[in-house]
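See structure below.
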Amino acid sequence: MKNLIVANWKMNPASQKEGKEIFEAIRDGVKGLKEEVVICPPSVYLYASVFGQGIVSMGAQNVYFEDKGAFTGEISCTMLKDLGAEYVIIGHSERRKYFGETDEIINKKIKKALEAGLKVIFCIGETAEERDAGKKNEVLERQIKIGLDGILNLENLNIAYEPVWAIGTGNNCGVVEAKEAISFIKNLVGAVDRSTGPRVLYGGSVKSENSGAYIKEAGANGLLVGGASLNAEEFVKIVKSAE
Ligand code: 13P
């Protein structure tokens, strides 16, 4: 099972031109490495997946759970597939916080994406308040239970543990704490000692200085990288640190 290193560009960069430059520098930099690398740009740049050329895969940051119809502003799984997207991020904490996504909505999205043949990066993680109140495991368990309700085939599923307090703060989760959470998640989904997944990734203020430890010490099967993935040189270093 390869490590999965995912770039989540969020609502960046500001132009297609800049996106293409970052994309090409990453593609050239990771050529020949054995990790699986996925770039998730804003969906309007996904058409550019034609330049993935098999070295990196493309993913979306969100999708809707209906097939088609009167859902202004939304994009379906089949549309993403048609553009060449192989992966989709679902349940990111920014979607939960700013766009009101509940565990139930996330469950519908994951079901639909898997049915459509997309590979899913399902994000979970506790807020600072939940952590301080000692509720971390309870929150992770609820997010997994509802998020994966009724889903039996976990083959195309990846889970990203992203503690909300570690996202975009520079305050990355300590390796011991990350290891505990990753083991807890693997136990819940029966991924312990299985070579087929689901892979459990770590995300939250990942940089090249801390990235290798999540794979080598905390037992993560990959990384979900935000800010640092917009700097091609830094992102390539992160991918190399997982080798
Ligand atoms: P940062 O790497 O910028 O903390 O973002 C993490 C994240 O939200 C990736 O999905």
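What you are looking at is a predicted structure, and each value in this text was computed from that prediction instead of being measured. All values below come from the heavy atoms of this structure, side chains included, with hydrogens, waters and symmetry mates left out. Whatever order the structure lists ligands and atoms in, that order sets their numbers, starting from 1.
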May I ask you to check whether [X] and [Y] show a side-chain donor-acceptor distance below 3.5 Å?
X	Y	answer
S183	E180	no
E101	H92	no
N172	Y202	no
Y45	E18	no

Practice prompt. Using a 4.5 Å cut-off on heavy atoms from C-beta on, say whether the side chain of I159 contacts that of L201.
Written response: no
Identity and separation of the nearest protein heavy atom to [atom]:
atom	result
atom 7 (C) of ligand 1	E162 OE2, 3.0 Å
atom 5 (O) of ligand 1	K10 NZ, 3.2 Å
atom 3 (O) of ligand 1	G227 N, 2.8 Å
atom 2 (O) of ligand 1	G226 N, 2.9 Å

Discussion item. Could you check whether any heavy atom of A228 sits closer than 4.0 Å to an atom of ligand 1, since that is the contact criterion I want to use?
Written reply: no
Discussion item. Looking at ligand 1, is there an atom of it that comes within less than 4.0 Å of some heavy atom belonging to G203?
Written reply: no
Any nitrogen or oxygen of [X], side chain or backbone, less than 3.5 Å from one on ligand 1?
X	result
E94	no
G168	yes
S205	yes

Discussion item. Taking 4.0 angstrom as the limit and counting only heavy atoms of I167, give me the atoms of ligand 1 inside it, by number and element.
Written reply: 4 (O), 5 (O), 6 (C), 8 (O)
Discussion item. The test is side chain to side chain contact (heavy atoms under 4.5 Å, CB included); show your working for K112 and E66 and say whether it passes.
Written reply: CA-CA 8 Å; K112 183 56 84 172; E66 294 289 352; over 6 Å; no
Discussion item. So, applying salt bridge (Lys or Arg N to Asp or Glu O under 4.0 Å) with D103, which one of K145, R142, K109 is it?
Written reply: R142
Item to complete: Measure the spacing between CD of E126 and CZ of R131 and express it to the nearest 0.5 Å.
Response: 7.0 Å
Worksheet item: Where's the contact between N8 and ligand 1, heavy-atom distance under 4.0 Å: side chain, backbone, both or neither?
Response: side chain
